[in-house]
Amino acid sequence: MTGATEFGQAADKHATAIHRRFFNATINGYVDTRQGHLVLALFSGSVPPNLRDSVLGTLREEIYVRQGGHIDTGRLLAVILLPMHLPLC
């Protein structure tokens with residue numbers, strides 16, 4: 001087994017653990033609906049493919065409805081959010 005394979009398996013294991021611990025199906029978000037929590041979950045690969053669209057929908061609603069179009073992730077997470085080219089519109 002190569003180092004890359006081992007790293008990939010560890011990353012998958014952690015992503016699954018993060019999803020199980022922090023995903024809230026009632027709100028389609030991680031912990032709550034804060035933009036930063038949603039961005040980190042999407043960026044880290046913790047969101048399973050079958051839930052990606054619903055979590056993106058929560059992020060869209062948080063940005064455009066609850067925050068009036070304001071991105072409130074702060075500088076550190078905005079650096080992650082903006083280049084992700086997520087279909088937010």
Side-chain angles (χ1 to χ4, degrees):
M1 193 176 285
T2 68
T5 301
E6 290 172 359
F7 180 78
Q9 289 173 344
D12 291 343
K13 182 178 176 182
H14 290 299
T16 299
I18 289 167
H19 175 74
R20 284 187 186 141
R21 172 66 178 91
F22 296 107
F23 183 68
N24 181 336
T26 304
I27 60 171
N28 286 315
Y30 286 80
V31 180
D32 51 29
T33 60
R34 289 185 182 179
Q35 294 174 30
H37 297 158
L38 299 168
V39 168
L40 283 174
L42 288 161
F43 180 74
S44 69
S46 298
V47 181
N50 63 315
L51 295 174
R52 187 172 168 84
D53 287 343
S54 63
V55 173
L56 277 170
T58 302
L59 180 57
R60 269 188 224 99
E61 183 176 335
E62 184 62 31
I63 292 171
Y64 291 111
V65 177
R66 294 187 188 116
Q67 300 299 325
H70 177 73
I71 294 174
D72 72 354
T73 59
R75 288 184 207 155
L76 293 175
L77 292 178
V79 171
I80 294 172
L81 173 62
L82 298 175
M84 286 175 69
H85 303 289
L86 297 172
L88 295 174
C89 298

Which salt bridge (charged side-chain N to carboxylate O under 4.0 Å, His left out) pairs, counting each pair once, include a residue from residues 25-43, with sequence neighbours left out?
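Every pair satisfying salt bridge (charged side-chain N to carboxylate O under 4.0 Å, His left out) with a residue in residues 25-43: Asp32-Arg34.
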Can you list the residues that meet the side chain to side chain contact (heavy atoms under 4.5 Å, CB included) rule with Asn24, with sequence neighbours excluded?
Thr26, Ile27
For Ser44, all residues meeting side chain to side chain contact (heavy atoms under 4.5 Å, CB included), sequence neighbours excluded:
Ser46
Do Phe23 and Val31 have side chains that get closer than 4.5 Å, going by heavy atoms?
no
Minimum side-chain heavy-atom gap Val55-Leu59 below 4.5 Å:
no
Using distance only, find each side-chain donor-acceptor pair of residues 11-22 under 3.5 Å and give its atom names and separation, not counting sequence neighbours.
unit_1, atom_1, unit_2, atom_2, d
Thr16, OG1, Asp12, O, 3.0
His19, ND1, Tyr30, OH, 2.6

Extract all donor-acceptor atom pairs below 3.5 Å that involve side chains of residues 69-79 and protein atoms in other chains or at least two apart in sequence.
unit_1, atom_1, unit_2, atom_2, d
Asp72, OD1, Gln35, NE2, 3.1
Thr73, OG1, Ala78, N, 3.1

Which residues pass the side chain to side chain donor-acceptor pair (under 3.5 Å) test with Asp53, not counting sequence neighbours?
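Here no residue qualifies.
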Partners of Glu62 by side chain to side chain donor-acceptor pair (under 3.5 Å), sequence neighbours excluded?
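Testing Glu62 for side chain to side chain donor-acceptor pair (under 3.5 Å), a comparison that skips the adjacent residues, returns Thr33, Arg66, Gln67.
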Positive for side chain to side chain contact (heavy atoms under 4.5 Å, CB included) with Leu81, one of Leu40, Leu38, Leu42, Val39
Val39
